[in-house]
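Right, I'll just put the structure down here and ask away after.
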There are 2 protein chains.
Amino acid sequence: MAATLKDVAALAGVSVKTVSNVVNGYGFVKPENRRRVEEALATTGYRPHLGARNLRRGRTGFIALVLPELSIPYFGELAALVITAAQRRGWNVLIEQTQGTRDRERSALTAMGPHMIDGAILSPQALATEDFAAFHREVPLVMVGEHAVDVPIDHVAIDNVLAARTAVGHLAGIGRRRIAAIGQNPHRGTASLRLEGYRDALTEAGLPLLDDLVVTAMEYHRHDGAEAMRHLLARQEPPDAVFCFNDLLAIGAMRAAVEHGLRIPEDLAVVGFDNTEESAYSIPSLTTIAPDKSAIAEAAVDLISRRGTAAAEDATFPVQDIQTPFTLKIRESTVARTTQLRRRGPEA
Amino acid sequence: MAATLKDVAALAGVSVKTVSNVVNGYGFVKPENRRRVEEALATTGYRPHLGARNLRRGRTGFIALVLPELSIPYFGELAALVITAAQRRGWNVLIEQTQGTRDRERSALTAMGPHMIDGAILSPQALATEDFAAFHREVPLVMVGEHAVDVPIDHVAIDNVLAARTAVGHLAGIGRRRIAAIGQNPHRGTASLRLEGYRDALTEAGLPLLDDLVVTAMEYHRHDGAEAMRHLLARQEPPDAVFCFNDLLAIGAMRAAVEHGLRIPEDLAVVGFDNTEESAYSIPSLTTIAPDKSAIAEAAVDLISRRGTAAAEDATFPVQDIQTPFTLKIRESTVARTTQLRRRGPEA
DNA sequence: TTGAAAGCGCTAACAA
DNA sequence: TTGTTAGCGCTTTCAA
C-alpha cells in the first residue's frame, strides 16, 4: 500500500503536521526532526495524494480542454501546446471531445462540473449563446477560435477577417481573377469573418463578388473539401483559385482538382488556413494562413490562471479579447517552385 | 456556492444517507422522500463532487495515456479513440506527452503517482526494462505498440512482422526488385520487427537483402523520411520501391522523391504504416498498413479495467499479449489509378 | 516549533 | 427504510 502522511509521521515519530510542513516547505522545522522526516519520506517512498490535497485546498488541479476531436490535426497540435502550457502552471488537462455537436459541447460544460476543474478552454463549433447561462461564473472559461458574441467571456483568436483578406489578397496579387471560397457556414462565426475578409480582398482588388464561387461546407474535413471542389469544377466557368477555410478542406480540394486533371498552381491556386504540419509536406505543399498556435495556447491558459486569481482577490478584471499573431506561408500551391527544387526540402 | 449532499439533505428534510441513496440509486427509498430529494436536487442543481467520491471509494476515476506527442497524427487518432473507450467505462483520460524521450517517459510513470490514476496506457519509445521496476504493480499498466520484453506487462499491438511482410510482399508482387526500407532504429523494438518482416518478404520473393537499401531513422517525422529518401536517391543504383515504417516517413519520402523528379508509383512505389487519415488524401494517396486503431484502444482500456478488477478479487490473471487485426490499404502510391479517377474520391 | 483535531464532500457500516 | 457516524488523505487553525 502507498504510504500516507500518517504512516510517515509514525515512522519518524512526529505528528502529521510536522511531516506536512516538511513536505510543503512551510514554517521552521527543527533540523533533527526534518532529518528524521526526510528519512521516513525516503524509506516509505511517500507521494502526496493529490486528490485529497485538492479536496482540502478547494482546487482541483485540472483544467478542461473542450474540442471537436483530437484526430483533427489542428486540434491535435493545439492540444499538445495547451497541455504543455498548462503543465508549467501545475495543471493537468482533461480533454473532452464533442464532435462539434451542440449537445455534446453543452454536456461537456456541465458534466465536467465545477468541482472537477479549475477552468475550461473551449473551442466550440455549435454552442449557442444561451448555453453559457448555466455554466458561466462557476469557473473561469475561455473561448478559443469561435466567439459567442453576446456573452462576456474571455476570448483568444487571430484576426480572422484580416487573415482571410491577406490570403485572398495574395491570390489576387498573383493574378487570379476567379477566386472561389470553400467553407461558408451559417453556424460558424469564424466562417462569416473569413468570408468577410474574402469579400474585402476581392473588392480591394477590383474583382466582382460572385456568389457562384462561394461554397458552403457543413463540416471541415478533407472529404468536404473534395466534394465542394467537385461542385466548383462542375460550374460553367470554373475558378482559377480557391481559398479554403481550413487546411483539411484545402487538402481535399487539391485532391479533387488533381483527380479532375488540373495542375496546381498553374490551373488552380489553393490557399488553406491553419498551417497544420501536413500542409508543409503535401504535394504540392500548401500556401496557408499560419496562426501562432503557441501564442493561442499560452494566452488561453494564462487567462484561466489570471481570472482564477482575480476571482479570489475579488478584483474586477475586464473581459479579455486577445488577438494572437499570424503569418501567410507561401508555398507551392500558389507559387510553383522552379529552381532549387532539388536542393531544399519544404520550409517548416 | 455549489450545493453539497448536506445542503440537499437539509432542504429535503432527510439525512445525507437518503440523498446519497437516491443519487446512487441504492436501496429502497420511500416514494415521498424520493420525491422531496429529487426536488431538492433539482432546485439546488446538485452535482456530486467526483474528487470526494473517488477519495472515499479509493479509486481516482482517471487513467493516464502516455505518448510521445499529440500532434503526431497516429497518436492524435489513437488518443481520440482511447478517450472515447475510457469514457464508456467512466474514466477520464490524463494525457502525458513525453516527446519520446526516456527521461520523460520515466517521469510520467512516477509523477502520475499511484493515487492519481487507476491505470496507465503507454506507448513508449525509449523506455528500458529497468525503468519499470519502480512502477510496476502499483496500478494496472498496458503497453501499446512497443513491448518491454523482459517485464511481465500486458501488451496490445498488431503482428508487426506479418504486417511488414505483407507490405513488402505487395511491393514484390507488383514487380519491384530493389525495395528499400526506411525506419530502422536500434532503440525501437517495433523497428526490428518490421525489419524482420521486410527481410522475410524479400527472401520469400527471392530477392537479395541489400544492406545498402536499409536506412536508419532516429525520429519518425516527415522530415526524417525526406532526408532518408535523399540518401537513397544518392545511391548508385536507387531503389524502385520503399517501405517506410510509418506514414510520416512515407509522406516525407514521397516529397523528396517528387522533388527529385521521380514519378510515383512509376519510378518509385511507396508503402507506409499506420493508415493515418492524411494517407488517404495525399497526392498520390498512400498505400499503407492499416491497424485497427479502435481495437487497440478498446483492448488497452479493457485490460486496465480487467486487471483492476482481477487485483481486487485477488485472482491470478495471466499477462496478456493481445494481437489486434490489420489490413493493407492499396492506394495510388503503389498502383496507379487509371480510369475512374474522375469519378471517385479516395476510399476511406 | 509542534501536536491535536476539525473538516473538505462523499460513501458505507452499523444502528435504529 | 433511514439516520448517525467514521473515515478516505490531506491542510490548517488553534493551543501548547
Side-chain angles (χ1 to χ4, degrees), chain A residues 1-38 40-41 44-62 90 112-118 138-139 312, chain B residues 1-38 40-41 44-62 90 112-118 138-139 312:
Chain A
M1 273 311 295
T4 73
L5 220 44
K6 214 158 128 189
D7 300 333
V8 177
L11 182 59
V14 298
S15 77
V16 287
K17 180 71 207 305
T18 304
V19 181
S20 177
N21 282 343
V22 171
V23 170
N24 294 293
Y26 293 155
F28 291 70
V29 179
K30 208 196 298 178
E32 164 63 5
N33 279 345
R34 175 180 300 277
R35 200 192 51 69
R36 297 176 57 187
V37 168
E38 274 164 355
L41 246 24
T44 53
Y46 172 79
R47 315 273 313 296
H49 187 306
L50 271 53
R53 172 180 290 176
N54 289 332
L55 173 59
R56 181 60 231 227
R57 284 190 176 158
R59 101 191 277 261
T60 70
F62 295 106
M112 281 299 192
H115 316 298
M116 200 76 188
I117 52 176
D118 298 330
E138 300 227 27
V139 301
Chain B
M1 273 310 293
T4 73
L5 219 45
K6 217 158 126 187
D7 300 333
V8 178
L11 182 60
V14 298
S15 77
V16 288
K17 180 71 207 304
T18 304
V19 181
S20 176
N21 282 343
V22 171
V23 170
N24 294 293
Y26 294 155
F28 290 69
V29 179
K30 208 197 294 178
E32 164 63 6
N33 279 345
R34 175 179 300 276
R35 199 191 52 71
R36 296 175 58 185
V37 169
E38 274 164 356
L41 247 23
T44 54
Y46 171 80
R47 315 277 312 296
H49 187 307
L50 271 53
R53 172 181 290 174
N54 289 331
L55 173 59
R56 180 61 233 230
R57 284 191 176 157
R59 100 194 278 261
T60 70
F62 294 106
M112 282 297 192
H115 315 297
M116 200 75 188
I117 53 174
D118 298 328
E138 300 227 27
V139 301

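Lettering of chains follows the sequences in order, A, B, ..., and the numbering in each one begins at 1.
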Donor-acceptor pair, A/Thr44 side chain versus A/Ala40 backbone, under 3.5 Å?
-> yes
Distance col, row A/Leu50:CG vs B/Leu55:CG, nearest 0.5 angstrom, shows 12.0 Å
Could A/Arg35 and A/Glu32 be called an ion pair, given the rule that one side-chain N must be under 4.0 Å from one carboxylate O?
-> yes
Applying side-chain contact (heavy atoms from CB on, under 4.5 Å), run through B/Val23 and B/Tyr46 and close with a yes or a no.
-> CA-CA 10 Å; B/Val23 170; B/Tyr46 171 80; 4.1 Å; yes
Tell me, for nucleotides 10-16 of chain D in 5' to 3' order, what letter each nucleotide earns: B for a base near a protein heavy atom under 4.0 Å, S for only sugar-phosphate near one, - for neither?
-> BBBB---
With side chains defined as the heavy atoms from C-beta onward, is the minimum distance between A/Lys30 and A/Thr18 less than 4.5 Å?
-> no
Measure the shortest side-chain to side-chain distance between B/Glu38 and B/Val29 over non-hydrogen atoms and say whether it is less than 4.5 angstrom.
-> no
How close or far is atom P of C/dC10 from atom CG of A/Leu55, stated in whole angstroms?
-> 9 Å
Value in whole Å for how far the C1' atom of D/dG9 lies from CG of B/Asn54 = 14 Å
Quickly work out the A/Glu32 CD to C/dT2 P distance and round it to whole Å.
-> 10 Å
D/dT2 phosphate, OP1 or OP2, under 4.0 Å from B/Asn33 side-chain N/O | yes
When rounded to whole Å, the CG to P distance for the pair A/Asp7 and D/dG9 reads 8 Å
